[in-house]
*Asks:* 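I have a structure I would like to understand better, so I am pasting it below and will then ask my questions one at a time.
Numbered from 1 within each chain, the chains take letters A, B, ... in sequence-line order.
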Number of protein chains: 2
Amino acid sequence: MQNTAAPPPKVEGQSRYAWLAGMLRARITEGDWVPGASIPAETTLAKEHGVALGTMRQAIALLVTQGLLERQHGRGTFVRAGIGGATMLRFFRFRAGKDLSASPTSEILRSRSVKASAAVATTLGLQAGEEVLELLRLRSLQGEPCLLETIQLPLPLFAPLVGSDTSQWGDLLYPLFQQRCGVTVNRAEDVLRFGQLTKEQGRRLGLPAEHPCVQVERRAFDLSGRCVERRITLGDAHAFQYTLNIH
Amino acid sequence: MQNTAAPPPKVEGQSRYAWLAGMLRARITEGDWVPGASIPAETTLAKEHGVALGTMRQAIALLVTQGLLERQHGRGTFVRAGIGGATMLRFFRFRAGKDLSASPTSEILRSRSVKASAAVATTLGLQAGEEVLELLRLRSLQGEPCLLETIQLPLPLFAPLVGSDTSQWGDLLYPLFQQRCGVTVNRAEDVLRFGQLTKEQGRRLGLPAEHPCVQVERRAFDLSGRCVERRITLGDAHAFQYTLNIH
DNA sequence: CAGTGGTCTAGACCACCGC
DNA sequence: CGGTGGTCTAGACCACTGG
C-alpha cells in the first residue's frame, strides 16, 4: 500500500463512497486492472484510501450494480470480462434437435470498410462520412441458419480487424474485440421491433421473402460508456420468445 | 415498542437480516401494514427486534430490491402500492396524435364465470375445473382500439367483481383489484411471442384477419407470491417496440 | 491454513422533509 | 425544529475458497 493517509473527497456534492467508486472506475477504464482479473482486497483498498471498510464496501457495491465488478465470496472481487456472447439467443427459441444449450456458430459473409451513414455515425459518435468496418454475419445452430446480422464498428478503434482472416474469428465477437482491439463490451441497449425479410435476407436464412421477422437493433458500450458497436440482428418471428419480469 | 430484548434468528442456515426481512414481509402480506402507508422508523424497528441499526437497514434494503418497500429520504419507508397500470404500453408505440403520455381507456366487452381450462388452472394454482372470472377487455387510445385482452382471475378471490357494473371500473384494473378485492399486484411475468390475429380479434382491433400481432402472456403475483391473474394481450405487431438494457 | 468477502455491532453525524 | 433515512466509523466474528 502506498498511503495510509486520509484523503476524503475534499470538496464535492457527492458522498464519499460515490467518489471512491469513481476512483475505482477510473482504474478499471484506464486499464490499471484488466477484465477478468481480481482487484485488491476490500481491507487493502480501505486502508489505501484511508477510509472505513464499510465505506469501501459501499463503493464496490455501487460498481457491482453497474456491472463493472463482480464479487465472489471467499475468492475476491473481479473486473467483469464483459457481457456474454450468446445473448441474442435470449430472444429466440429455435428448436434445433433437443439441445437447448447449444451455442450458435458464426460465419462472416462479408467484411468491408464503408463510409458511415449519418444515422450510423451519430450512434457511434463519429463525424458524418468517417469510415466504419461493416460486417455481414450469419449465425447457425447445428448447421441451420437462424440469425442474420449487420454490424458496424468505428474504424480507428477496430482497425486490427480490417482485412484479417474472418475464418479464424471464432463464434463470439466480444472476446475477439477484447483480444484484438482491447475493447471490452460492458453494456448494451437492444431495441426490438417486428418487420419482414427482404428476398435477399430470406435467402440467407432459408426463409421466403416477406417472411415476418424480429429485428433487434443493438448499441453496445465499452467500460467508459463509449458506443463501440451498432448491430442489426434479424430472426424468424415465429421463433421469437422473450420473458421479462416487472416490478 | 414491545420488547427491546434480543431475539436473533435462533436457528437457521440464513443470515439475521434475511430472517428479519421475512418478519417484515409477513407483517406486510398479513395486512399489518397496508400498501401506501409507512412502516415504523428504522431505529424503532431495530430496537424492537433487538438488533443493530445497520442490520435492520440490510433487511429493509432486501425488501426494497424485491419491490415490497420503498424508501424516501426524510419521509419514511413505505409499503409499495403495487405496479403501475399502463405497463402494457411499454411494448408498443401507437402514434395516436402527438400525445405520447396519453393513458389508454378501457372497455370490458364481456365478463363471465367459466370453468378453468387445465392450463389456466395450473398457472393460477387452482384445481382443474374450478371456476374463474374471465374478462374480454379492449383498450383504446383516443378512441382508437389498440390492445385486446383476455383475462382470467381465480374466483373465490375475485368474487366481488362478478356481476358488478363494468362501466364503473375505470381504466386501470390493478387499483380496482386492490379496492374491491384487497389484492395487491406486486410483480408480474410477461412472455412475448409473435402470432396472427383471428378474424374475430382483427374485427375488434380494426385490423384484417391474419394480421401479424404480438402476444403478451402475463402472470401477475400478489405480495405473498401467489398468482392472481393470467392475461393474454394482443396488439398490432407493427406498433411493437421494446427497449431493454443488458449487463 | 491464510485470505477473501459476508455479516453484525454500537455508536456518530449529515441531509432531507414537513410542520 | 424534530423525525426520517443516508453516510460513516472502527472494530468483531463468521463463511467460503484455495492451496
Side-chain angles (χ1 to χ4, degrees), chain A residues 1 3-24 28 33 36-80, chain B residues 1 3-24 28 33 36-80:
Chain A
M1 58 197 87
N3 51 346
T4 47
K10 300 179 180 68
V11 292
E12 296 296 337
Q14 62 184 348
S15 59
R16 192 168 301 187
Y17 72 81
W19 182 84
L20 288 167
M23 290 277 89
L24 302 182
I28 293 169
W33 298 323
S38 69
I39 71 175
E42 300 174 333
T43 54
T44 309
L45 287 171
K47 276 177 195 151
E48 270 184 15
H49 292 87
V51 86
L53 178 63
T55 305
M56 182 55 73
R57 280 181 60 81
Q58 271 187 289
I60 292 172
L62 225 186
L63 294 181
V64 168
T65 67
Q66 294 176 2
L68 278 159
L69 292 177
E70 192 172 3
R71 322 183 77 144
Q72 286 179 242
H73 192 167
R75 301 226 309 132
T77 305
F78 300 81
V79 180
R80 286 201 50 184
Chain B
M1 59 197 85
N3 50 346
T4 47
K10 299 179 182 66
V11 291
E12 297 294 338
Q14 61 183 350
S15 58
R16 192 168 302 184
Y17 72 80
W19 182 83
L20 288 167
M23 289 278 89
L24 302 183
I28 293 168
W33 298 322
S38 70
I39 70 175
E42 301 173 331
T43 54
T44 308
L45 287 171
K47 276 176 195 152
E48 271 185 16
H49 292 86
V51 86
L53 177 62
T55 305
M56 182 55 73
R57 280 181 61 79
Q58 271 188 289
I60 292 172
L62 224 186
L63 294 181
V64 168
T65 67
Q66 294 176 2
L68 278 158
L69 292 177
E70 192 172 3
R71 321 184 77 145
Q72 285 178 244
H73 194 167
R75 300 226 309 133
T77 304
F78 300 82
V79 180
R80 285 202 49 184

*Asks:* Once you round to the nearest 0.5 Å, how far does OG1 of B:Thr43 lie from CD of B:Glu48?
*Replies:*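 CD of B:Glu48 is found 10.0 Å from OG1 of B:Thr43.
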
*Asks:* Of the listed nucleotides (C:dG5, D:dC8, D:dG5), which one gets closest to any side-chain atom of B:Arg57?
*Replies:* D:dG5

*Asks:* What distance separates B:Gln72 CD from B:Glu70 CD, expressed to the nearest 0.5 Å?
*Replies:* 5.5 Å

*Asks:* D:dC8 C1' sits how many Å from A:Leu20 CG, rounded?
*Replies:* 11 Å

*Asks:* Can you tell me the distance, in whole Å, between the CG atom of A:Leu45 and the C1' atom of D:dC8?
*Replies:* 17 Å

*Asks:* Please report the distance, rounded to the nearest Å, between CD in A:Gln58 and C1' in D:dT9.
*Replies:*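 After rounding, the reported distance stands at 11 Å.
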
*Asks:* Report the distance from atom CZ of A:Phe78 to atom P of C:dG3, rounded to the nearest whole Å.
*Replies:*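 Spelled out: CZ on A:Phe78 to P on C:dG3 is 16 Å.
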
*Asks:* Between A:Thr55 and D:dT9, does any side-chain N or O lie under 4.0 Å from OP1 or OP2?
*Replies:* yes

*Asks:* Can you tell me which residue pairs pass the salt bridge (charged side-chain N to carboxylate O under 4.0 Å, His left out) test with a partner in residues 60-69 of chain B, sequence neighbours excluded?
*Replies:* none

*Asks:* Given atom NE2 of B:His49 and atom P of C:dT9, what is their separation to the nearest angstrom?
*Replies:* 13 Å

*Asks:* Heavy atoms within less than 4.0 Å of DNA chain D: which residues of residues 68-77 of chain B have one? Give them sorted by number.
*Replies:*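 Result for residues 68-77 of chain B: B:Arg71, B:Gln72, B:His73, B:Gly74, B:Arg75, B:Gly76, B:Thr77, sorted by number.
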
*Asks:* By nearest heavy atom, map A:Ala41 and B:Met56 onto DNA chain C; which one lands nearer the 5' end?
*Replies:* A:Ala41

*Asks:* To the nearest Å, how far apart are B:Trp19 CH2 and C:dC8 C1'?
*Replies:*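 The answer, rounded to whole Å, is 15 Å.
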
*Asks:* Could you tabulate the donor-acceptor pairs under 3.5 Å formed by side-chain atoms of residues 53-68 of chain B, not counting sequence neighbours?
*Replies:*
| from | atom 1 | to | atom 2 | distance (Å) |
| --- | --- | --- | --- | --- |
| B:Arg57 | NH1 | B:Glu42 | OE1 | 3.2 |
| B:Arg57 | NH1 | B:Glu42 | OE2 | 2.5 |
| B:Thr65 | OG1 | B:Leu62 | O | 2.7 |
| B:Gln66 | OE1 | B:Arg25 | NH2 | 2.7 |

*Asks:* In whole angstrom, what separates A:Glu42's CD from D:dT9's C1'?
*Replies:*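 For the pair A:Glu42 CD and D:dT9 C1', the rounded distance is 16 Å.
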
*Asks:* With each end axis built from five pairs of C1' atoms, what bend angle do you get for the helix from C:dC1-D:dG18 to C:dG18-D:dC1? Round to 10°.
*Replies:*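 Rounded value for the end-axis angle: 20°.
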
*Asks:* Rounded to the nearest 0.5 Å, how far does CG of A:Leu69 lie from CG of A:Leu24?
*Replies:* 7.0 Å

*Asks:* Starting from P on D:dA15, measure out to CD on B:Gln14 and report it in whole angstrom.
*Replies:*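 Roughly 13 Å, once rounded to whole Å.
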
*Asks:* If you assign A:Tyr17 and A:Leu53 each to the DNA chain D nucleotide with the nearest heavy atom, which residue ends up on the more 5' nucleotide?
*Replies:* A:Tyr17

